[in-house]
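What follows is a set of notes on a single structure, which appears directly below.
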Amino acid sequence: QMQLVESGGGLVQPGGSLRLSCAASGFTLDYYAIAWFRQAPGKEREGVSCISSSGGSALFADSVKGRFTISRDNAKNTVYLQMNDLKFEDTAVYSCAADTQARDSVDPDWCSLEWYDFGSWGQGTQVTVST
C-alpha cells in the first residue's frame, strides 16, 4: 500500500523558512514524480512544485519561484520542499502526492502541477505564516 506522510509544517514569521518532508512507504519513491500541493481556506488547491523521478526536472508555481526549492533523497525515500522568504499568502495545508504511474523508465523527466495527474496523497501538514 502506497503511503505518503508529510512533516515539517508549523508557525513561522514572514521572511522565515521551513522545510517540509514527504516520506514514502509501501513503494519505491525513485520510480515516481512527486509534487507538492497546497490549499488555503476558501481557495482552490494549487500545485506548488514537482520533481521528476530522475530528479533532473522540476516545476514551480510562479508564486513560489525563487523562494522554494524541491529535492529528493531516494536513499531515504523522501522528498523535501525547502521554503524560504515565506509570505502571509503561503499559509495553507501542504500535501505531497505521487504520480499515478511509475515513469522512471519511459519518461524520467516528466512532471506536472495538475492534481489529477497524481494518485496517492498524504494527509497534509499545516503551514502558517503570521506575526
Side-chain angles (χ1 to χ4, degrees):
Q1 182 181 359
M2 297 175 70
Q3 282 194 319
L4 295 169
V5 178
E6 303 91 340
S7 61
L11 175 64
V12 63
Q13 292 186 342
S17 297
L18 284 174
R19 188 178 78 158
L20 304 184
S21 298
C22 172
S25 62
F27 69 106
T28 302
L29 203 65
D30 314 26
Y31 303 154
Y32 295 84
I34 303 294
W36 285 94
F37 294 82
R38 67 185 181 186
Q39 189 163 23
K43 294 189 177 181
E44 292 188 355
R45 180 166 42 192
E46 175 189 19
V48 175
S49 183
C50 172
I51 186 165
S52 63
S53 58
S54 70
S57 178
L59 295 175
F60 296 91
D62 288 343
S63 57
V64 307
K65 279 180 182 175
R67 300 188 297 121
F68 290 12
T69 59
I70 191 169
S71 61
R72 61 193 304 151
D73 185 338
N74 290 337
K76 295 184 177 180
N77 229 24
T78 300
V79 168
Y80 303 99
L81 183 70
Q82 178 67 44
M83 306 187 296
N84 299 326
D85 189 23
L86 284 161
K87 304 178 185 300
F88 293 119
E89 52 265 39
D90 294 319
T91 296
V93 174
Y94 285 70
S95 302
C96 62
D99 189 0
T100 55
Q101 57 180 298
R103 302 179 198 254
D104 60 304
S105 60
V106 296
D107 194 357
D109 290 327
W110 179 90
C111 242
S112 169
L113 293 180
E114 301 295 343
W115 64 267
Y116 48 76
D117 285 326
F118 296 86
S120 296
W121 293 77
Q123 292 299 307
T125 185
Q126 177 70 47
V127 172
T128 302
V129 183
S130 176
T131 56

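Nothing here was measured: the structure is a model prediction, and the numbers come from that model.
- In the hydrophobic cluster analysis, where Ile, Leu, Val, Met, Phe, Trp and Tyr join through side-chain heavy atoms closer than 4.5 angstrom, Leu81 is grouped together with Val12.
- The line from OG of Ser17 to CG of Asp85 is 8.0 Å long, rounded to the nearest 0.5 Å.
- Within a 6.0 Å sphere centred on CH2 of Trp115, heavy atoms belonging to other residues, nucleotides or ligands number 12 at most.
- The cluster map of Ile, Leu, Val, Met, Phe, Trp and Tyr, joined by side-chain heavy atoms under 4.5 Å apart, puts Ile51 and Met2 in the same cluster.
- When side chains are defined from C-beta on, Phe68 counts as touching Leu86, because their heavy atoms get closer than 4.5 Å.
- Rounding to the nearest 0.5 Å places CD of Gln126 at 12.0 Å from CD of Glu6.
- Here CG of Leu18 is found 8.5 Å from CD of Gln82. Values are rounded to the nearest 0.5 Å.
- For the pair Ser95 and Gly124, the tightest heavy-atom approach, listed with the atom from each and the gap, is OG-CA, 3.5 Å.
- Residue pairs meeting the disulfide bond (SG atoms under 2.5 Å apart) criterion with at least one member in residues 72-130, sequence neighbours excluded: Cys22-Cys96, Cys50-Cys111.
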Ring pair (Phe, Tyr, Trp, His ring centres under 6.0 Å) between Trp121 and Phe37, intermediate numbers included: CA-CA 10 Å; Trp121 293 77; Phe37 294 82; 4.9 Å; yes

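- Using a distance-only test at 3.5 Å, with no hydrogens or angles considered, no donor-acceptor pair links the side chain of Ser52 to the main chain of Ala33.
- Using a 4.0 Å cut-off between charged side-chain N and carboxylate O, Lys65 and Asp62 make a salt bridge.
- Once rounded to the nearest 0.5 Å, the distance linking CD1 of Ile34 with OH of Tyr80 reads 13.0 Å.
- Around atom CD of Gln123, no more than 12 heavy atoms belonging to other residues, nucleotides or ligands sit under 6.0 Å away.
- Rounded to the nearest 0.5 Å, atoms CG (Leu29) and CG (Asn77) are 5.0 Å apart.
- There is a side-chain donor-acceptor pair under 3.5 Å between Asp109 and Ser54.
- Side-chain atoms of Val127 and Met83, non-hydrogen and from C-beta on, do get closer than 4.5 Å to each other.
- With hydrogens and angles disregarded, no donor-acceptor distance shorter than 3.5 Å links the side chain of Asp99 to the backbone of Tyr32.
- Residues Phe60 and Arg67 are not in side-chain contact: their nearest non-hydrogen atoms beyond the backbone lie 4.5 Å or more apart.
- At a threshold of 4.5 Å between side-chain heavy atoms, the hydrophobic network of Ile, Leu, Val, Met, Phe, Trp and Tyr places Phe118 and Tyr116 in one connected group.
- In this structure a side-chain-to-backbone donor-acceptor pair under 3.5 Å is present from Ser53 to Pro108.
- A 4.5 Å side-chain heavy-atom check between Phe88 and Pro14 finds at least one atom pair inside the cut-off.
- In this structure, CG on Leu4 lies 4.5 Å from CZ on Phe27, to the nearest 0.5 angstrom.
- Remark: Glu46 pairs with Arg38 by the salt bridge (Lys or Arg N to Asp or Glu O under 4.0 Å) rule, at least two apart or across chains.
- Two residues are said to be in side-chain contact when any heavy atoms from C-beta on lie closer than 4.5 Å; Leu11 and Ser130 meet this criterion.
- The closest side-chain heavy-atom distance from Ser49 to Val64 is not below 4.5 Å.
- Judged by distance alone, the side chain of Thr28 and the main-chain N or O of Asp30 form no donor-acceptor pair under 3.5 Å.
- Scanning all heavy atoms of the two residues, the minimum distance from Ala61 to Leu113 falls at N-CD1, 3.8 Å.
- In this structure the side chain of Arg72 reaches within 4.5 angstrom of the side chain of Val79, judged on heavy atoms.
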